[in-house]
Amino acid sequence: MTTASTAADDTPERYNAKEAEAKWQKLWDERGVFRASEDASRPKYYVLEMFPSPSGRIHMGHVRNYTLGDVVARYKRARGFNVLHPMGWDAFGLPAENAARDQGVHPAAWTYDNIANMRRELKGMGLSLDWDREIATCHPGYYQHQQALFLDFLEAGLVYRRKSMVNWDPVDHTVLANEQVIDGRGWRSGALVEKRELSQWFFKITAFSDDLLQALGPLERWPERVRLMQENWIGRSEGLRFDFDVEGRAERLPVFTTRPDTLFGASFVAVSPDHPLAKDVAKKSNAAADFIAECQRMGTSEAAIEQAEKRGHDTGLIATHPLLPGLRLPVYIANFVLMDYGTGAIFGCPAHDARDLEFARKYGLPVRPVVFPKDAGADFAIGDEPYTGDGVLTHSQFLDGLGVDAAKSAMIARMEETGRGERTVNFRLRDWGVSRQRYWGCPIPVIHCGTCGAVPVPRDQLPVVLPEDVTFDKPGNPLERHPTWKHVNCPKCGAKAVRETDTCDTFVDSSWYFARFCSPRADIPVVKSAVDYWLPVDQYIGGVEHAILHLLYSRFFMRAMHKTGHVKVDEPFAGLFTQGMVLHESYRAADGKWLYPEEVQLNADGSATQIEGGQPVTVGRREVMSKSKKNVVQPGAIIEEFGADTARWFVLSDSPPERDLEWTDSGIQGAWRFTNRLWRLVGALADVLPPAGTPAPGQMGDAAMALRRTVHKSIVQLTGDLESFRFNRAVARAYEFANALGDLKPGTPDANWALREGLETIVRLLAPMMPHLGEELWHKLGHSTLLAEMPWPEADAALAADDQVTIAVQVQGKLRATLVVAKDMPQKELEALALAEENVLRFMEGKPARKVIVVPNRIVNIVV
RNA sequence: GCCCGCUUGGCGAAAUGGUAGACGUAGCGGACUUAAAAUCCGUUUCCCGCAAGGGAGUGCCGGUUCAAGUCCGGCAGCGGGCACCA
């Protein structure tokens, strides 16, 4: 990386960003410009970016995220909105515990150190934040209210405890998330992961399945993509639930199917290895027990599932077909049937389902098609592929001749009539397990008593504070082995009891922080008047990687908080913007080692060499910045070198914000060039400009008028760009605007006046994007007000409209000439002018015009 | 496997169905300079042409239209989400 010039070069011709930025940040802070309070007389606007984890340093993704949010916040403020723009810390989580174990530092100390550092870095970006509202989720002042909400949800029946299967690492003594199991082994210990049944706390997100799905529709200011992902995740499917009789057993076996039309093609029944029937069978059969144990040992990773073949164990039981009493279906325990979807049991119709077909072929079960493709003959048979399309029902009694949809309805109706089943809706969404066997999280406020069971911690005993004297030298949960912390008396009966030692999933912390920001110091979770005023968040901005979990959990939390009387809205985020990632090329030395960008010299021909030693370097494709590939650029270093405004300008400039952005050295240099160009432009003209507020001279020359038109057109266009999140377009307009300003020669009173108007306007338009430079230039232009408190400039509509337009003239749809004419010239005149063009006549080849299409102010197309 | 998105100069990208490539970046040529940096000016989709101008061109094939990067149908490539969900 070569750096030609930087903000540190303090020559009179260069903007000293470092000095200026510190000065304006201090002034904003002292005057409390960005402090927010409820004000019923003004429209409110709540802008929020996803809050960071205090990992240590901010990265370019943060710079992009918070710049986008800050542009919105500053712009809306200028438009007269009462803006709330807060910041906080998603501070609980595993990294702090890892640091504790590896570096011997307490998680709290590590976290608060990182917060202090990152707060300093964020302040250096000049963000228009209300720092008085700062919160950290690891602070008892925050998590005590989360504990109160937990108890509210518990009372409302939205929290419950049940046994569930988890991935258990027998070496580290902890539960692992699916993502932490690699090839069936713990990612850290390498131990074979076991499936274990543990008691876990769950949030009953499924209580809102239907609502969470239905309410996606009206979220018009959310990306379609995110809504679709949530829709798929919730996974609603309609079907039939009905019961099989099993020979020799009293209980019927309920199954769920979305293809009731294929019931006459059934050839087996299968239950999950975790199904009660399977467990029953295993009591008497070692073979069955062995099979179940084997299934449970199987990995849950994607790869493991993909490779796993369909396998089953024949229980010897027979289910009888509900409509064909003579048809006896073998009951299998099958590894591909999931306990927690539907009823944990299915009927298999191999002819019309891929999994069932694979299973049937393996165990020699009949494959009987009952849905025939439209043009199939009576001898239609299934080969290697099941037939899953529409068709005509065959060999299916009362369904014969029907299409698939009609047959589904008919079958459901028949089953409902006979009382054997019913139409059912099933969701893929499962309840949210929040128990984590970890220290650095919000303690779950429950006490376990031998006689009373799980007893909520009384409200007056909140918060349940994490003990500080814990050790991380052994695997497992430090809360579990703490000598005193968990030993308490039962709040109900007074007997000896133990605290819940599990803590909350950190996704719980981030599911309601946006509500807490409304009243961050209140002694209750949220103050009604505050949340009623501010919520929902008007514009939320963050990475698409949170499209499902965080955004879905937050939607659940709002509903739960609504139900428990805390808020009156269901949807937390009225508008959502998902930004792209920041990418960078990666560099590899001849020996295969990754190199940091600053170790590499980029050559004009596109090749690269190592600065030290001069060996050739392999330039890799651009990808997400990651420590392992060393393709990272530290925001701190960039801001130190060029200032925050230049960094902000660059991340806004190159790509549309929803798309990935490639960080390039030439790009940041270009942004730095522009920063200085503006600064010089104002500096060079400061002496000749008329004083601020001078009335316009009566006579305006053509050049001055042309600039005035650019000024007012720029206001209109750039405003539209900001409104629609097209910040790269706004940047391009600013360049055009600045080019026009540079082109007008000063000297005459009209030109000087137009230049003042232009410079003041560009400074105000750029202020949301480059706030420090804006203040600096505003001040240079003779103003003593703060630009951050100025209203948005207004365009003169007459000037913003063109008085001349360029008309394209086409012959047969091909461009043959252009006309510059007065705006709104009548169609007849345009047509006449077009037909008089030499080149147009040439391409008409003497033929008469058959048809002339005239679009006013745009185009004339002549068809011959 | 299912669902979704994307594909335009060397590169990042613009373009309410109406002049494709604005703006930036990189390159090339020039001015300034002892020189470099910085700055400023010019130029840059490809092909033919001294020029005027012409031809081709938005992943590929086809369609709708006076007019298609944009709309419709099909295909390919790349990326993302979900995935034994019955």
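In what follows, every chain begins at residue 1, and chains take the letters A, B, ... in the order their sequences are listed.
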Within the structure shown, what part of the strands sits under 4.0 Å from A:Asn739 by heavy-atom distance: base, sugar-phosphate, or nothing? sugar-phosphate
Testing B:C3, B:G54, B:U19 for proximity to the side chain of A:Leu228, the answer is B:C3
Cation over ring, A:Arg816 on A:Phe843, under 6.0 Å and within 45°? yes
Are A:Arg227 and A:Glu224 within salt-bridge range, i.e. N to O under 4.0 Å? yes
Charged N to carboxylate O under 4.0 angstrom, A:Asp210 versus A:Arg236? yes
Using the rule given for salt bridge (charged side-chain N to carboxylate O under 4.0 Å, His left out), can you reason through A:Arg311 versus A:Glu294, listing the C-alpha separation, both sets of side-chain angles and the distance that settles it, and then say yes or no? CA-CA 11 Å; A:Arg311 296 181 54 208; A:Glu294 204 180 317; 2.6 Å; yes
So, does the side chain of A:Arg858 form a donor-acceptor pair with the base of B:U16 at under 3.5 Å? yes
A:Glu736, nearest nucleotide to its side chain (from B:C82, B:A22, B:G53): B:A22
Nearest to the A:Leu338 side chain among B:C23, B:C85, B:A38, which nucleotide is it? B:C85
Taking pairing as Watson-Crick or G-U wobble with both contacts under 3.5 Å, can you name the mate of B:A15, or confirm there isn't one? none
Over all strands shown, is A:Phe843 touching base, sugar-phosphate only, or nothing at heavy-atom distances under 4.0 angstrom? sugar-phosphate
Suppose we define a pair by two distances each less than 3.5 Å, Watson-Crick or G-U wobble; what does B:C46 pair with here? B:G55
Which label fits A:Trp432 and A:Tyr553: parallel for a plane angle under 30°, tilted from 30 to 60°, or perpendicular past 60°? parallel
Closest to side chain of A:Arg816, choosing from B:C82, B:C85, B:G55: B:G55
Rounded to the nearest 0.5 Å, what separation is found between the NZ atom of A:Lys713 and the CZ atom of A:Phe737? 12.0 Å
Within the structure provided, determine whether A:Val600 and A:Glu585 are in side-chain contact (heavy-atom separation under 4.5 Å). no
Categorize A:Val337 for me: base, sugar-phosphate, or nothing, with a 4.0 angstrom heavy-atom threshold over every strand shown. base
Of the options B:G53, B:C40, B:A13, whose atoms approach the side-chain atoms of A:Arg677 most closely? B:C40
So if I take every side-chain heavy atom of A:Arg673 and compare against B:U25, B:G53, B:U19, which nucleotide ends up nearest? B:U25
Please tabulate, one pair per line, each protein N/O and nucleotide N/O from nucleotides 63-67 of chain B that are separated by under 3.5 Å, including the distance.
unit_1: B:C66; atom_1: O2'; unit_2: A:Asn861; atom_2: ND2; d: 3.2
unit_1: B:C66; atom_1: O2; unit_2: A:Asn861; atom_2: ND2; d: 2.7

Give a yes or no on whether a donor-acceptor pair under 3.5 Å exists between the nucleobase atoms of B:A86, that is its base, and the side chain of A:Arg355. yes
Would you classify A:Phe256 as touching base, sugar-phosphate or nothing, given that sugar-phosphate means primed atoms plus P, OP1 and OP2, and contacts are heavy atoms under 4.0 Å? base
Could you tell me whether A:Asp356 contacts a base, only the sugar-phosphate backbone, or nothing, with contacts defined as non-hydrogen atoms closer than 4.0 Å? nothing
Quick check for you: among B:C84, B:A15, B:A86, whose closest atom lies nearest to any side-chain atom of A:Lys310? B:C84
Given B:G12, B:A86, B:U25, which nucleotide is nearest the side-chain atoms of A:Ser666? B:U25
Considering only side-chain heavy atoms of A:Ala732, which listed nucleotide, B:G24, B:A13, B:A22, is closest? B:A22
Tell me which nucleotide, if any, is Watson-Crick or G-U wobble paired with B:G69 when both distances must be under 3.5 Å. none
Could you state the atom-to-atom distance from CG of A:Asn728 to P of B:A15 in whole Å? 8 Å
B:G77, syn or anti by chi within 90 degrees of zero: anti
Assigned partner base of B:U39, Watson-Crick or wobble definition, under 3.5 Å: B:A31
Are A:Phe268 and A:Tyr363 an aromatic pair by the rule of ring centers under 6.0 Å? no
Does A:Asp353 pair with A:Arg259 as a salt bridge, N-O distance under 4.0 Å? no
Among residues 234-243 of chain A, which contact RNA chain B at a heavy-atom distance under 4.0 Å? A:Ser237
Indicate the ring-plane relationship of A:Phe674 and A:Tyr735, choosing parallel, tilted or perpendicular according to the 30° and 60° boundaries. tilted
Would you mind classifying the nucleic acid contact of A:Gly670 as base, sugar-phosphate or nothing, using non-hydrogen atoms under 4.0 angstrom? sugar-phosphate
I want to verify a distance call: between B:U19, B:C23, B:C84, whose nearest atom is closest to the A:Asn335 side chain? B:C84
For A:Phe650 together with A:Trp663, are the ring centres under 6.0 Å from each other? yes
What is the pairing partner of B:G5, taking Watson-Crick or G-U wobble pairs with both distances under 3.5 Å in any strand? B:C78
